[in-house]
Amino acid sequence: MEDYLEKIYELILEKGYARVSDIANSLAVQPSSVTKMLQKLDENKYVSYEKYRGIVLTARGHKMGRLMKERHAMLAEFLRMLGVAEETLQKDVEGIEHHVSPKTLESLQALVIFFQENPDALAAFLAFQAGGDKS
(Lines give C-alpha, C1' and ligand atoms only; values in the text may rest on other atoms or scores of the structure.)
Protein backbone atom coordinates (compact mmCIF):
# COMPACT_ATOMS: atom_id res chain seq x y z
CA MET A 1 0.00 0.00 0.00
CA GLU A 2 2.81 2.39 0.87
CA ASP A 3 4.50 1.96 -2.53
CA TYR A 4 1.25 2.86 -4.24
CA LEU A 5 0.69 5.96 -2.11
CA GLU A 6 4.26 7.11 -2.67
CA LYS A 7 3.94 6.58 -6.44
CA ILE A 8 0.56 8.34 -6.66
CA TYR A 9 1.98 11.24 -4.65
CA GLU A 10 5.03 11.45 -6.98
CA LEU A 11 2.94 11.30 -10.15
CA ILE A 12 0.55 13.99 -8.96
CA LEU A 13 3.49 16.24 -8.06
CA GLU A 14 5.19 15.61 -11.42
CA LYS A 15 2.23 15.59 -13.80
CA GLY A 16 -0.68 16.98 -11.84
CA TYR A 17 -2.53 13.66 -12.08
CA ALA A 18 -2.07 9.92 -11.70
CA ARG A 19 -3.63 7.30 -13.96
CA VAL A 20 -3.90 3.56 -13.43
CA SER A 21 -1.62 2.95 -16.42
CA ASP A 22 1.04 5.36 -15.08
CA ILE A 23 1.02 3.67 -11.67
CA ALA A 24 1.14 0.19 -13.22
CA ASN A 25 4.08 1.12 -15.46
CA SER A 26 5.98 2.80 -12.64
CA LEU A 27 5.55 -0.10 -10.23
CA ALA A 28 5.81 -2.85 -12.89
CA VAL A 29 2.47 -4.37 -11.94
CA GLN A 30 -0.71 -5.18 -13.85
CA PRO A 31 -3.38 -2.46 -14.16
CA SER A 32 -5.86 -4.82 -12.47
CA SER A 33 -3.58 -4.92 -9.40
CA VAL A 34 -3.52 -1.12 -9.35
CA THR A 35 -7.32 -0.98 -9.58
CA LYS A 36 -7.69 -3.38 -6.64
CA MET A 37 -5.25 -1.34 -4.56
CA LEU A 38 -6.98 1.92 -5.47
CA GLN A 39 -10.26 0.45 -4.25
CA LYS A 40 -8.56 -0.52 -0.98
CA LEU A 41 -6.96 2.94 -0.67
CA ASP A 42 -10.36 4.50 -1.31
CA GLU A 43 -11.96 2.34 1.40
CA ASN A 44 -9.24 3.46 3.82
CA LYS A 45 -9.74 7.13 2.89
CA TYR A 46 -6.28 7.66 1.33
CA VAL A 47 -7.64 8.42 -2.14
CA SER A 48 -10.87 9.26 -3.81
CA TYR A 49 -11.17 6.89 -6.74
CA GLU A 50 -13.88 6.46 -9.31
CA LYS A 51 -13.30 4.14 -12.22
CA TYR A 52 -12.60 6.10 -15.43
CA ARG A 53 -12.64 9.36 -13.46
CA GLY A 54 -9.19 9.58 -11.94
CA ILE A 55 -7.43 9.48 -8.63
CA VAL A 56 -7.38 12.23 -6.03
CA LEU A 57 -5.35 12.00 -2.84
CA THR A 58 -7.30 12.85 0.28
CA ALA A 59 -5.58 14.98 2.94
CA ARG A 60 -4.71 11.74 4.73
CA GLY A 61 -3.34 10.21 1.52
CA HIS A 62 -1.34 13.31 0.69
CA LYS A 63 0.24 13.31 4.13
CA MET A 64 1.07 9.60 3.94
CA GLY A 65 2.44 9.93 0.40
CA ARG A 66 4.68 12.82 1.45
CA LEU A 67 5.93 10.87 4.47
CA MET A 68 6.72 7.84 2.28
CA LYS A 69 8.59 10.06 -0.18
CA GLU A 70 10.57 11.72 2.63
CA ARG A 71 11.40 8.34 4.18
CA HIS A 72 12.58 7.05 0.81
CA ALA A 73 14.77 10.12 0.27
CA MET A 74 16.28 9.85 3.76
CA LEU A 75 17.17 6.17 3.29
CA ALA A 76 18.68 6.90 -0.13
CA GLU A 77 20.76 9.72 1.37
CA PHE A 78 21.92 7.45 4.18
CA LEU A 79 23.06 4.74 1.76
CA ARG A 80 24.77 7.34 -0.47
CA MET A 81 26.66 8.61 2.59
CA LEU A 82 27.89 5.07 3.15
CA GLY A 83 29.10 4.87 -0.44
CA VAL A 84 26.50 2.40 -1.72
CA ALA A 85 26.43 2.37 -5.53
CA GLU A 86 23.37 3.96 -7.14
CA GLU A 87 22.45 0.76 -9.00
CA THR A 88 22.23 -1.08 -5.66
CA LEU A 89 20.84 1.80 -3.64
CA GLN A 90 17.25 1.91 -4.93
CA LYS A 91 16.74 -1.83 -4.52
CA ASP A 92 18.11 -1.68 -0.98
CA VAL A 93 15.95 1.33 -0.09
CA GLU A 94 12.84 -0.56 -1.22
CA GLY A 95 13.81 -3.52 0.96
CA ILE A 96 14.62 -1.42 4.00
CA GLU A 97 11.38 0.57 3.72
CA HIS A 98 9.33 -2.60 4.09
CA HIS A 99 11.33 -4.47 6.69
CA VAL A 100 12.48 -1.92 9.26
CA SER A 101 10.52 -0.69 12.25
CA PRO A 102 9.50 2.96 12.63
CA LYS A 103 11.87 3.28 15.61
CA THR A 104 14.82 2.07 13.53
CA LEU A 105 13.86 4.52 10.77
CA GLU A 106 13.87 7.33 13.34
CA SER A 107 17.37 6.29 14.44
CA LEU A 108 18.59 6.21 10.84
CA GLN A 109 17.11 9.68 10.28
CA ALA A 110 18.98 10.95 13.34
CA LEU A 111 22.20 9.42 12.02
CA VAL A 112 21.74 11.07 8.62
CA ILE A 113 21.22 14.44 10.31
CA PHE A 114 24.24 13.83 12.56
CA PHE A 115 26.47 13.06 9.56
CA GLN A 116 25.13 16.10 7.68
CA GLU A 117 25.91 18.34 10.64
CA ASN A 118 29.25 16.65 11.38
CA PRO A 119 31.00 16.01 8.07
CA ASP A 120 34.25 15.20 9.91
CA ALA A 121 32.51 12.30 11.65
CA LEU A 122 31.27 11.02 8.29
CA ALA A 123 34.78 11.35 6.82
CA ALA A 124 36.22 9.44 9.79
CA PHE A 125 33.64 6.70 9.35
CA LEU A 126 34.30 6.43 5.61
CA ALA A 127 38.06 6.24 6.26
CA PHE A 128 37.44 3.51 8.83
CA GLN A 129 35.18 1.67 6.41
CA ALA A 130 37.85 1.86 3.70
CA GLY A 131 40.37 0.34 6.11
CA GLY A 132 42.39 3.52 6.48
CA ASP A 133 41.90 3.85 10.25
CA LYS A 134 43.02 0.65 11.97
CA SER A 135 44.59 2.13 15.08
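All residue numbers in this chain count up from 1 along the given sequence.
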Q: So Glu94 and Asp3, do their side chains get closer than 4.5 Å, heavy atoms only?
A: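 Sidechains of Glu94 and Asp3: in contact.
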
Q: Please test Met1 against Met37 for side chain to side chain contact (heavy atoms under 4.5 Å, CB included), starting from the C-alpha separation and ending with a verdict.
A: CA-CA 7 Å; Met1 184 164 44; Met37 182 56 72; 4.1 Å; yes

Q: Run Arg19 and Ile55 through side chain to side chain contact (heavy atoms under 4.5 Å, CB included) and show every step you take.
A: CA-CA 7 Å; Arg19 297 181 309 199; Ile55 304 154; 5.8 Å; no

Q: Any side-chain to backbone donor/acceptor pair from Asp42 onto Leu38? Under 3.5 Å, distance only.
A: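 Side chain of Asp42 to backbone of Leu38: no pair is present.
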
Q: How long is the span from the CD atom in Glu106 to the CG atom in Leu111, to the nearest 0.5 Å?
A: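 Atom-to-atom, Glu106:CD and Leu111:CG are 13.5 Å apart.
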
Q: So, do Glu70 and Glu6 sit near enough that their side-chain heavy atoms are less than 4.5 Å apart?
A: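 A side-chain contact is absent here, since even the closest heavy-atom pair is not under 4.5 Å.
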
Q: How long is the gap from CG on Leu57 to NZ on Lys45, to the nearest 0.5 Å?
A: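 One finds 15.0 Å between CG of Leu57 and NZ of Lys45.
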
Q: Does a sphere of radius 6.0 Å around NE2 in His99 hold more than 12 heavy atoms from other residues, nucleotides or ligands, not counting ones at 6.0 Å or beyond?
A: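 12 or below, so no.
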
Q: Is the closest side-chain heavy-atom distance between Leu108 and Val112 below 4.5 Å?
A: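 Counting from C-beta outward, Leu108 and Val112 never come under 4.5 Å.
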
Q: Is a donor on one side and an acceptor on the other found under 3.5 Å between the side chain of Thr35 and the backbone of Pro31?
A: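 Side chain of Thr35 to backbone of Pro31, a donor-acceptor pair under 3.5 Å: yes, one is there.
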
Q: Looking at CD1 of Ile113 and CD of Glu77, how far apart are the two atoms once the value is rounded to the nearest 0.5 Å?
A: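 That separation rounds to 11.0 Å.
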
Q: Checking side chain to side chain donor-acceptor pair (under 3.5 Å) for the pair Ser101/Thr104: CA distance, chi angles, key distance, verdict?
A: CA-CA 5 Å; Ser101 72; Thr104 299; 3.1 Å; yes

Q: Minimum heavy-atom separation for Ala121 to Phe114, with atom names?
A: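 Looking at all heavy atoms of both residues, the closest pair is CB-CE2, 3.7 Å.
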
Q: Could you walk me through whether Leu41 and Leu5 pass the side chain to side chain contact (heavy atoms under 4.5 Å, CB included) check?
A: CA-CA 8 Å; Leu41 290 169; Leu5 277 172; 3.9 Å; yes

Q: If you measure from the Lys or Arg side-chain nitrogens to the Asp or Glu carboxylate oxygens, is any gap between Lys7 and Glu10 under 4.0 Å?
A: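 Salt bridge: yes.
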
Q: So which atom in Gln30 and which in Ala24 form the shortest heavy-atom distance, rounded to 0.1 Å?
A: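 Gln30 and Ala24 have their closest heavy atoms at C-CB, 4.2 Å.
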
Q: Under 4.5 Å between side-chain heavy atoms, counting indirect links through other Ile/Leu/Val/Met/Phe/Trp/Tyr residues: same cluster for Ile96 and Leu67 or not?
A: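 No, it is not one cluster - the side chains of Ile96 and Leu67 are not joined through contacts under 4.5 Å.
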
Q: Just verifying a value: how many Å separate His72 NE2 and Glu97 CD, rounded to the nearest 0.5 Å?
A: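 Answer rounded to 0.5 Å: 5.5 Å.
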
Q: In Å, rounded to the nearest 0.5 Å, how long is the span from CD1 of Ile8 to CD1 of Ile23?
A: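 Atom-to-atom, Ile8:CD1 and Ile23:CD1 are 4.0 Å apart.
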
Q: Main chain of Ala18, side chain of Asp22: is a donor-acceptor contact present, judged purely on distance under 3.5 Å?
A: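 Looks like no, no N/O pair under 3.5 Å.
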
Q: With hydrophobic residues grouped by side-chain heavy-atom distances under 4.5 Å, do Met64 and Val34 end up in a single group?
A: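 In one cluster with Met64: Val34, yes.
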
Q: Test Leu79 against Thr88 for side chain to side chain contact (heavy atoms under 4.5 Å, CB included), laying out the working first.
A: CA-CA 9 Å; Leu79 295 179; Thr88 304; over 6 Å; no

Q: Do Met68 and Tyr9 come within less than 4.5 Å of each other through their side chains, counting heavy atoms only?
A: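 No. Closest side-chain heavy atoms not under 4.5 Å.
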
Q: What distance do Asp120 atom CG and Phe115 atom CZ have between them, rounded to the nearest 0.5 Å?
A: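 Between atom CG of Asp120 and atom CZ of Phe115 there are 11.5 Å.
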
Q: With a 4.5 Å cut-off on side-chain heavy atoms, are Tyr17 and Ile12 touching?
A: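 Side chain of Ile12 against side chain of Tyr17, heavy atoms only: no contact under 4.5 Å found.
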
Q: Counting C-beta onward and ignoring hydrogens, is there a side-chain heavy-atom pair between Tyr49 and Val20 closer than 4.5 Å?
A: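 Touching, per the 4.5 Å side-chain cut-off.
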
Q: Between the side chains of Glu86 and Arg80, is the shortest nitrogen-to-carboxylate-oxygen separation below 4.0 Å, so that they form an ion pair?
A: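 Here Arg80 pairs with Glu86 in a salt bridge, since their nearest N and O are under 4.0 Å apart.
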
Q: Could you tell me if the side chain of Tyr4 sits less than 4.5 Å from the side chain of Ser26, heavy atoms only?
A: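 Side-chain contact under 4.5 Å: no.
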
Q: May I ask you to check whether over 12 heavy atoms, not counting those of Lys91, lie within 6.0 Å of atom NZ?
A: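 Check fails, neighbour count at 12 or below.
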
Q: Is the shortest side-chain heavy-atom distance between Leu75 and Val100 below 4.5 Å?
A: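 Not in contact.
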
Q: Are the side chain of Ser48 and the backbone of Val56 linked by a donor-acceptor contact shorter than 3.5 Å?
A: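 Not at all, since once roles are kept as given, no pair shorter than 3.5 Å links the two residues.
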
